[in-house]
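In what follows, a single structure is set out as structure tokens and then discussed.
Naming convention: chains lettered A, B, ... in sequence-line order (proteins, then strands); numbering from 1 in each chain.
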Number of protein chains: 2
Amino acid sequence: METTVPHLAKGRTPLEPEKLIRREPVDPGKFKRMIRQMGLKVTQQRLAILESLSAGRAHVTAQEVFETVNASHPEIGFATVYRFLRKMAEQNLVTEVRMGGLPARYELTPRRHHDHLTCVSCGQIVEFECPPIENLQEKVANDHGFQLTHHVLELYGICPRCQAE
Amino acid sequence: METTVPHLAKGRTPLEPEKLIRREPVDPGKFKRMIRQMGLKVTQQRLAILESLSAGRAHVTAQEVFETVNASHPEIGFATVYRFLRKMAEQNLVTEVRMGGLPARYELTPRRHHDHLTCVSCGQIVEFECPPIENLQEKVANDHGFQLTHHVLELYGICPRCQAE
DNA sequence: ATGGTAATTGAAAACGATTGTCAATTCTCG
DNA sequence: CGAGAATTGACAATCGTTTTCAATTACCAT
Ligand SMILES: [Mn+2]
Ligand SMILES: [Mn+2]
Ligand SMILES: [Zn+2]
Ligand SMILES: [Zn+2]
């Protein structure tokens with residue numbers, strides 16, 4: 001049986017670059033404010049999901065968020081996690097990262113845009129910024145008369161560690 | 001109920017740019033040769049799928065291929081279509097194009113690499129080549145010590161026609 | 001051409017991720 | 001504190017895709 005997934009060996013969990021595992025700390029009331037700003041009610045579930053997103057590794061699947069939150073809030077249902085992630089993605093508070101047909105991964109939308117470089121062997125994800133590429137993307141869109149709204153740029157390759165077997 | 005799909009209104013079928021609907025004509029024996037080169041048996045089903053891929057619009061879903069082929073070969077099953085598309089994708093004879101969580105689309109791998117610019121409003125797909133972007137991608141990967149294997153670059157925006165309402 | 005054999009097929013069930021349903025619960029605001 | 005609307009969790013449903021399996025077919029050696 002062959003792997004179904006085009007970009008990453010089946011069963012591999014993309015790992016995070018160490019330097020980016022932790023995001024900046026947040027003050028306690030921040031999450032409540034975020035939720036209210038979305039026009040939603042502040043619930044324990046939503047607070048727990050936000051805490052999990054901001055404290056844990058970036059690029060988590062809905063299932064991973066569910067499992068994390070479920071550990072401390074055993075009564076939460078995964079529908080709630082999916083629903084809230086979707087709502088946040090709609091408002092661009094979280095960014096969906098999709099690799100081939102794999103389950104979607106989410107990260108709190110960072111202040112600075114970045115794209116992803118993924119190791120097809122071990123799943124490590126490196127974030128990068130490349131303004132020249134961004135500019136060229138604008139140019140391509142304009143050349144075709146398109147008004148660019150967003151883009152997906154994913155680079156796949158073999159990381160240094162995996163190159164050394 | 002909101003649309004689930006991040007990049008394209010639900011139910012929209014991406015349209016093709018007129019100038020690219022038809023690929024170059026192929027001589028009759030070509031498909032048989034392609035199949036044998038993959039180390040597979042030549043069957044009517046596989047020939048029909050290849051004909052459909054090369055004659056119809058580019059960027060078709062497995063379901064669309066199935067429906068097309070099924071019209072002239074009513075006995076074909078969709079499992080055969082999925083199986084063969086997957087096998088061809090593994091050998092890079094067809095390229096999988098994924099837009100968000102939508103069903104995968106396939107095109108016979110063109111001799112020249114290109115990426116896609118998609119209208120989020122009407123679904124039109126424009127193919128483009130941008131060597132400077134490709135070079136920068138190589139550079140980014142190398143800067144991180146990665147050996148680049150492939151990439152996914154999808155631009156999304158509003159096409160000229162849709163901008164004019 | 002024929003037959004043996006492994007590859008391929010179609011139908012249907014299974015699958016994993018995600019979404020919908022709905023009655024019960026919980027925020028919010030007055 | 002309530003009333004009322006939003007939210008929840010359990011569960012079923014859906015979607016695209018893959019697997020299973022018995023029946024068929026293409027291929028190769030005779
Ligand atoms: Mn990221
Ligand atoms: Mn294309
Ligand atoms: Zn690696
Ligand atoms: Zn358009």
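- Among residues two or more places apart in sequence or in another chain, the side chain to side chain contact (heavy atoms under 4.5 Å, CB included) test is passed with A:Pro160 by B:Phe146.
- Between A:Arg98 and C:dA17 there is no side-chain N or O to OP1 or OP2 distance below 4.0 Å.
- Annotation: side chain to side chain contact (heavy atoms under 4.5 Å, CB included) contacts of A:Ala48 (sequence neighbours excluded): A:Val69, A:His73.
- In this structure, CZ of A:Phe66 is placed 15 Å from C1' of C:dT19, rounded to the nearest angstrom.
- By the side chain to side chain contact (heavy atoms under 4.5 Å, CB included) test, B:Thr109 is found to be paired with B:Thr95, residues two or more places apart in sequence or in another chain being considered.
- By the ring-ring contact (aromatic ring centres under 6.0 Å, His included) test, A:His113 pairs with A:His151, sequence neighbours left out.
- B:Lys32 meets the salt bridge (charged side-chain N to carboxylate O under 4.0 Å, His left out) test with no other residue; sequence neighbours excluded.
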What does the list of N/O pairs under 3.5 Å between the protein and nucleotides 28-30 of chain D look like, with a distance for each?
none

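- Summary of the strand contacts: B:Val42 and B:Gln63 both lie near DNA chain D, and taking for each the nucleotide with the nearest heavy atom, the more 5' one is attributed to B:Gln63.
- Looking at A:Gln163, its side chain does come within 3.5 Å of a backbone N or O of B:Gly145 through a donor-acceptor pair.
- Atom CD of B:Glu64 is separated from atom C1' of D:dG16 by 13 Å (rounded to the nearest Å).
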**Fill in**
Scoring nucleotides 6-16 of chain C by protein non-hydrogen atoms under 4.0 Å (B base, S sugar-phosphate only, - none) yields BSSBBB-----

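- Residue A:Tyr82 has a polar side-chain atom (N or O) positioned under 4.0 Å from OP1 or OP2 of C:dT18.
- Each salt bridge (Lys or Arg N to Asp or Glu O under 4.0 Å) pair with one or both residues in residues 41-56 of chain B, not counting sequence neighbours, would appear here, but there are none.
- Qualifying salt bridge (charged side-chain N to carboxylate O under 4.0 Å, His left out) partners for A:Glu129, counting only residues two or more places apart in sequence or in other chains: A:Arg112.
- Residue B:Gln91 places its CD atom among more than 12 non-hydrogen atoms of other residues, nucleotides or ligands, all under 6.0 Å distant.
- A straight line from CZ of B:Arg86 to C1' of D:dT18 spans 6 Å, rounded to a whole angstrom.
- A search for side chain to side chain contact (heavy atoms under 4.5 Å, CB included) contacts involving A:Leu148 returns A:Gln137, A:Glu138, A:Ala141, B:Leu155, not counting sequence neighbours.
- End-to-end axis angle for the helix from C:dA1-D:dT30 to C:dG30-D:dC1, using five pairs per end and rounding to 10°, comes out at 40°.
- Remark: A:Arg36 engages no residue in a salt bridge (charged side-chain N to carboxylate O under 4.0 Å, His left out) (not counting sequence neighbours).
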